[in-house]
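Please read these numbers as outputs of a predicted model, since none were measured by experiment. Only heavy atoms go into these numbers, but all of them, side chains included; no hydrogens, no water, no symmetry mates. For this chain, numbers begin at 1 and follow the sequence in order.
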Amino acid sequence: MADVKLIKVQKSYGDSPVLRDIDLEVRDGEFMVFVGPSGCGKSTLLRLIAGLEDITGGTLAIAGRVVNDVPPAERGIAMVFQSYALYPHMNLYDNMAFGLKLAKVPKEETDRLVQHAAKILHIDHLLQRKPKDLSGGQRQRVAIGRAIVRKPEVFLFDEPLSNLDAALRVKMRYEFAKLHDELATTMIYVTHDQVEAMTLADRIVVLSAGRFEQVGSPLELYEQPDNLFVAGFIGSPRMNFLAGTLLQGDAQGAQVKLANGETLLCAVDAQRARAGDVVTLGIRPEHMTPAEPANRLSTRVTFVEALGSSTQAYCEYPGLEEPLTCQLDGRSAVRTGDALALGVPPQWCYLFDAEGRAFRRLGAPTQALAA
């Protein structure tokens, strides 16, 4: 096992910077997930760690050894790509053993490593089949097995589940979590899917435009986002954002006036704000309820999705271009066209200043950011 440290790492293509001053420590045995929208630099960062891209500036160390100029094969890493990249003319056994044969690993040791990896991945009964005879999930297991047999110090995964259907992705998320528990090896995983990030990670790195927006545990990012970007990216359904004006605020809370004149109390530390400041109120769909008598929003339902376990109601609200989304009980009788008063507990109101920086929620854990 090994830790991975990046100190002021930069990557540019000509005069175009892609990653800027990246500082990060991935701890020994940690499952770290890089998440962000397309083009944010997460895959490029993974490729820098793998040695598939040259670092423009800064220092990268794996297991205490600086590897800026070390070839990929000598870094003690194994990478699994979005594409399975299996040899179609070889059976599963030979696909998994191919790299070991090139490295002239003895036949007995090669067989032991392949059989062990296949058993971990539950494909030991498929070793004589060829890739064309396998499902997508089984092919991805073979690609992972090919990495496992190399006994790397660090596993790198570049959106490995994006080619699978929704049901299989859910199953494979479970397999990845179990694999990490069994191998106890450092893993770095790239995805654009925040649900994957939340369910797999020990810690998450949220990237945007080549910079880190926040680093923390899934619960830290959910309960105490640093800014509007993280708040909007983490959580499903997405957080609602309402423009408002601060009426008053101090270390004990804030009162916000919204576009239609309604006022809401927010349990945040607003002592750095001033009355009259432009602010943004954030409310997660799952935190709104018709049963809350105070601190409520008056809306009208425009569309309803009955999902069985829950009901998603989309509502119109002054000043919003997109519908206000709320998540209600699956037995809710709300219908399109209904007037709906939605209450929000003050402790679940998020508040952001004009620059998008979050006011710390009272009662939520103070997050420990990784440098």
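Leu200 and Val195 fall into different hydrophobic clusters, defined by Ile, Leu, Val, Met, Phe, Trp and Tyr side-chain heavy atoms under 4.5 Å apart, directly or through other members. There is a path of hydrophobic side-chain contacts, each under 4.5 Å, that joins Val80 to Leu126. Under the 4.5 Å side-chain heavy-atom criterion for Ile, Leu, Val, Met, Phe, Trp and Tyr, Leu48 and Phe81 are members of the same hydrophobic cluster. The hydrophobic cluster containing Phe352 does not contain Leu265, counting ILVMFWY residues as joined when their side-chain heavy atoms lie under 4.5 angstrom apart, directly or transitively. Cluster annotation: Leu247 is not connected to Leu281 through the hydrophobic network of ILVMFWY side chains, with a link wherever side-chain heavy atoms come within less than 4.5 Å.
Rounded to the nearest 0.5 angstrom, Leu127 CG and Lys119 NZ are separated by 11.0 Å. Separating the OG atom in Ser309 from the CD atom in Gln327 is a distance of 7.5 Å, to the nearest 0.5 Å. From Asp28, atom CG reaches atom CG of Asp3 across 6.5 Å, with rounding to the nearest 0.5 Å. With rounding to the nearest 0.5 Å, the separation of CZ in Arg357 from CG in Leu228 is 11.5 Å. Rounded to the nearest 0.5 Å, atoms CE (Met96) and CZ (Arg141) are 12.0 Å apart. Here CD1 of Ile120 is found 7.0 Å from CG of Leu179. Values are rounded to the nearest 0.5 Å.
When all heavy atoms of Asn91 and Gln128 are compared, the closest pair comes out as ND2-OE1, 3.2 Å. Heavy atoms only, all atoms of each residue included: Pro72 and Ala50 are closest at CB-O, 3.3 Å. Nearest heavy atom pair, residue Lys151 against residue Leu113, reads CD-CD2, 4.0 Å. Closest approach of Ser12 to Thr56, counting heavy atoms only: N-OG1, 2.9 Å. Pairing each heavy atom of Pro131 with each of Leu92, the nearest pair is N-CD1, 4.3 Å. For the residue pair Glu262 and Leu297, the shortest heavy atom distance occurs at OE1-CA, 3.4 Å.
Using a 4.0 Å cut-off between a side-chain N of Lys or Arg and a carboxylate O of Asp or Glu, Asp23 and Lys8 qualify as a salt bridge. The pair Glu30-Arg203 counts as a salt bridge, with a side-chain nitrogen and a carboxylate oxygen less than 4.0 angstrom apart.
Using a 4.5 Å heavy-atom threshold, the side chains of Ile144 and Phe155 count as separate. Using a 4.5 Å heavy-atom cutoff, the side chains of Leu207 and Phe212 are in contact. The shortest distance between side-chain heavy atoms of Met198 and Ile204 falls below 4.5 Å. For the pair Thr186 and Glu153, the minimum side-chain heavy-atom distance is 4.5 Å or more. Under the 4.5 Å side-chain criterion, counting only non-hydrogen atoms from C-beta, Tyr350 is in contact with Pro225. A heavy-atom distance below 4.5 Å is found between the side chains of Cys326 and Leu340. In this structure the side chain of Pro37 reaches within 4.5 angstrom of the side chain of Phe233, judged on heavy atoms. Between Arg272 and Phe359, the closest side-chain pair of non-hydrogen atoms falls below 4.5 Å.
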Could you walk me through whether Tyr317 and Leu342 pass side chain to side chain contact (heavy atoms under 4.5 Å, CB included), step by step? CA-CA 11 Å; Tyr317 193 81; Leu342 294 168; over 6 Å; no
Before you tell me yes or no, could you show the steps for Leu46 and Met79 under side chain to side chain contact (heavy atoms under 4.5 Å, CB included), namely the whole-Å CA-CA distance, both residues' side-chain angles and the distance that decides it to 0.1 Å? CA-CA 9 Å; Leu46 194 74; Met79 191 163 178; 3.6 Å; yes
Between Leu156 and Asp158, does a side chain to side chain contact (heavy atoms under 4.5 Å, CB included) hold up when you go through it step by step? CA-CA 7 Å; Leu156 307 178; Asp158 190 7; over 6 Å; no
What's the verdict on side-chain hydrogen bond (donor to acceptor under 3.5 Å, both in side chains) for Glu53 and Thr44, showing C-alpha distance, side-chain angles and the deciding distance? CA-CA 8 Å; Glu53 298 272 2; Thr44 300; 5.7 Å; no
What do the steps show when you test Leu19 against Val9 for side chain to side chain contact (heavy atoms under 4.5 Å, CB included), and what is the final call? CA-CA 7 Å; Leu19 295 167; Val9 168; 5.5 Å; no
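In this structure, the side chain of Gln138 engages the main chain of Ser135 through a donor-acceptor pair within 3.5 Å. Side chain of Arg361 to backbone of Glu223: a donor-acceptor contact under 3.5 angstrom is found. For Arg75 (side chain) and Val70 (main-chain N/O), a donor-acceptor pair under 3.5 Å exists by modelled atom type. With Thr311 contributing its side chain and Asp329 its backbone, the two residues share a donor-acceptor pair below 3.5 Å. Of the possible polar contacts, none joining the Thr191 side chain to the Ala197 backbone as a donor-acceptor pair under 3.5 Å is found. A distance-only check finds no donor-acceptor pair linking the side chain of Asn295 to the backbone of Pro345 [under 3.5 Å]. For the pair Arg335 (side chain) and Val301 (backbone), a donor-acceptor distance under 3.5 Å is absent.
Counting only N and O atoms by type, the side chains of Gln194 and Tyr222 include no donor and acceptor under 3.5 Å apart. For Gln214 and Asn227, the side-chain atoms include no donor-acceptor pair closer than 3.5 Å.
Every pair tested for side chain to side chain donor-acceptor pair (under 3.5 Å) that includes a residue from residues 230-257 fails, sequence neighbours excluded, so the list is empty. Sorted by first and then second residue, the salt bridge (charged side-chain N to carboxylate O under 4.0 Å, His left out) pairs with a member in residues 307-323 form an empty list; sequence neighbours excluded. Residue pairs meeting the side chain to side chain donor-acceptor pair (under 3.5 Å) criterion with at least one partner in residues 60-71, sequence neighbours excluded, are absent. Residue pairs meeting the side chain to side chain donor-acceptor pair (under 3.5 Å) criterion with at least one partner in residues 95-118, sequence neighbours excluded, are Tyr93-Asp111, Asp94-Lys101, Glu109-Arg112.
Grouped by direct or indirect side-chain proximity (heavy atoms under 4.5 Å, Ile/Leu/Val/Met/Phe/Trp/Tyr only), Phe98 sits with Tyr87, Met90, Leu102.
By the 6.0 Å contact criterion, NZ on Lys171 is open, its count of non-hydrogen atoms from other residues, nucleotides or ligands being 12 or less.
Taking the six-membered ring for Trp and thresholds of 30 and 60 degrees, Tyr189 and Phe157 have ring planes inclined between 30 and 60 degrees apart.
The ring-ring contact (aromatic ring centres under 6.0 Å, His included) check on Tyr174 picks up nothing, with sequence neighbours excluded.
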